[in-house]
Protein chains: 2
Amino acid sequence: MFRDLNGVSTFDPAEADEFGDDPLFVRAAARTVAVLSAFELASKPLSLSEIAKLSGVERSAAQRMVHTLLALGMIVRDDEDRGYLPGKRILTMAYSCLRLDPVMQRATPILLELRRRTRERVDLSLWDDTRLIYALRMPSKHEIFTATLTGNTVPVYCTAGGLAVLAHLPDQQIADIFGRSDRTPFTPETMTSLEQVMKGVERARHCGHALVTGQILRHEIAMGVAILDTASHPIGAIHLAGSLDEHSPEEFEAKFGSLLQQAGTSISVFG
Amino acid sequence: MFRDLNGVSTFDPAEADEFGDDPLFVRAAARTVAVLSAFELASKPLSLSEIAKLSGVERSAAQRMVHTLLALGMIVRDDEDRGYLPGKRILTMAYSCLRLDPVMQRATPILLELRRRTRERVDLSLWDDTRLIYALRMPSKHEIFTATLTGNTVPVYCTAGGLAVLAHLPDQQIADIFGRSDRTPFTPETMTSLEQVMKGVERARHCGHALVTGQILRHEIAMGVAILDTASHPIGAIHLAGSLDEHSPEEFEAKFGSLLQQAGTSISVFG
DNA sequence: TAGAATGTATCGTCTAGCGATACTCTTGTA
DNA sequence: TACAAGAGTATCGCTAGACGATACATTCTA
């Protein structure tokens, strides 16, 4: 079985109860977040009971939670399917998240220039443990739906940007991340072994950028370079993605490799 | 004084306390949301006391709130400036918001095609009372930072997309929305009177799309068309934005007007 | 060195959220 | 038409757990 491209992240309701001994832990806040996060597992508007189930909160509690989150605009009703959906206010909060991140501010003009010169899809993603979260997206000609959305996440172990990030970590940590990753393949070509991952990492370490084909989408070729902070730790990546119908891997790399690396260097912080 | 382009939305802490008589209202959830929303008013990492002040929550309560939101990944520390920032998990939640919206799914291929044909900036925004929230962005050559970010909001009364939305509402409601809007001008050309707004609305009603210049950014020309639901109520808009340095308003409209309207019709839901 | 910020920790009070229960409506099926 | 299963809603007593006051350790600034 291959993975649903919506690739919803797993959420364990049990985890919300495992803070018992922490005197500063606000359980109500955890429940609030749990209810809001229920939608990460959804593929359609959710009913009250579904929210309760997915968030691991009692139906009664979920009822009142939803009631106040409705009043606050964090959740809205979908009149058609009579269910609940996350509210637009979440988007506004996400905006704060993007706006306040200094990396994003530096990156924007550089990515626009990269996009202009390559005419291929350019993305900026932020590293979050086993996954990358897409923060800035500049789609090109033809893209599938999820490839245009902010906030979409992909695993680090099988993406160009991810390998570029891993290349800056010790082997031990790479193995750890690989081990904890959800490794359901996206396509028949999605890599499945640590050996394959390490091969990609070594290559990235050697030439400064990572290159993969068909890992998330068939016929897609992607190149990635890491973004580093002042301490030279990776914090995210830039992705350049094209179609194998238009480029051979060799040509893609020769044509855009150095442009991409320059962009990565410009965004990274030094000293 | 003109408006800061980051244009943070106003948040009134007092409002959070005005639910006293509602038996189903969960105060802790409201506080949680208030703390998370504090960042909407921020322009840099926030300290504990700043969060408390902006969210209208007691310092003690804010302390414990922040503590658990840190544990949940909804907030992170910024080691450099030693403050707090919204966490990447917000982005993941925003993704659910976008992914679950059927409008977005229908819109993506249509907007990509529009972008391909016009080579100008294409945006999709969702209507939220006095404002539009940008949900899908396809930047073109040179854009300022905030014009590339998901979740950014603009007033309806002075934007092309906004006027296109207003055109589908009764005059009475337009006046109401205009009255409640924050009307700090963005540029010297930003419209300030209801008469100007109604003129734009009439024009939009007549030719099916709205056209404005220099309202948010100087030298910017923008055209907008509304997206309608099954009941023909506006739910958002498509924006097409270019530069006055490259196009005259007449030429821009003649060249792209019908393309834009076609896109709007394709995305709107009928019957 | 004093002062004003940070962030952190502790604790008793009592409020406000929990969970059980029961109700109304709508929808689909027999 | 009756019935079951599912929606959303409402009420209420108990007590878990959040509140707010207070105090302290650090760090930065003047």
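The sequence lines fix the lettering, A, B, ..., with proteins before strands; numbering per chain opens at 1. Quick note: numbers below take in every heavy atom, side chains included, and nothing from hydrogens, waters or symmetry partners. A quick note: this is a predicted structure, and the numbers were derived from the prediction, not measured.
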*Let me know the distance between CD of Glu50(B) and P of dA4(C), rounded to the nearest Å.*
18 Å
*Would you kindly give the NZ-to-C1' distance between Lys44(B) and dT6(C), to the nearest whole Å?*
12 Å
*Pick the nucleotide of DNA chain C nearest each of Ser49(B) and His67(B); which residue has the one closer to the 5' end?*
Ser49(B)
*Do Asp182(A) and Thr184(A) get their side chains close enough for a donor-acceptor pair, meaning under 3.5 Å?*
yes
*Calculate, to the nearest 0.5 Å, the distance between atoms NE2 and OG belonging to His233(B) and Ser268(B) respectively.*
13.0 Å
*Indicate whether any N or O donor in one side chain lies under 3.5 Å from an N or O acceptor in the other, for Arg31(B) and Thr32(A).*
no
*Rounded distance (nearest 0.5 Å) linking atom CG of Leu91(B) with atom CG of Asp128(A)*: 9.5 Å
What pairs of nitrogen or oxygen atoms, one from the protein and one from nucleotides 23-26 of chain C, lie under 3.5 Å apart?
| residue | atom | partner | partner atom | Å |
| --- | --- | --- | --- | --- |
| dT26(C) | O3' | Arg82(A) | NH1 | 3.4 |

*Can you measure from NZ (Lys88(B)) to CD1 (Ile90(B)) and round to the nearest 0.5 angstrom?*
12.0 Å
*Output yes when at least one side-chain N/O atom of Ser47(B) is less than 4.0 Å from OP1 or OP2 of dA5(C), else no.*
no
*Report yes or no: do Arg137(A) and Thr150(B) form a side-chain donor-acceptor pair below 3.5 Å?*
no
*If a protein heavy atom is under 4.0 Å from the base, mark B; if only from the sugar-phosphate, S; if neither, -; do that for nucleotides 15-21 of chain D going 5' to 3'.*
--SSBBB
*Looking just at side-chain N and O atoms, do His168(B) and Ser232(B) make a donor-acceptor pair shorter than 3.5 Å?*
no
*asked:* To the nearest 10°, give me the bend of the helix from dT1(C)-dA30(D) to dA30(C)-dT1(D), comparing the axes of its five terminal pairs at either end.
replied: 40°
*Interatomic distance, Leu48(A) CG vs dA10(D) P [rounded to whole Å]*: 12 Å
*asked:* Looking at Arg205(B) and Asp171(B), is there a salt bridge between them, counting it only when a charged N and a carboxylate O are closer than 4.0 Å?
replied: yes
*What's the spacing between Ile51(B) CD1 and Ser37(B) OG if we round to 0.5 Å?*
11.5 Å
_Pairwise distance CD1(Ile110(A)) to OG(Ser266(A)) - rounded to 0.5 angstrom_ = 4.5 Å
*Between dT6(C) atom C1' and Asp78(B) atom CG, what is the distance in whole Å?*
15 Å
*Geometric cation-pi criterion, Arg77(A) with Tyr84(A): 6.0 Å, 45°*: yes
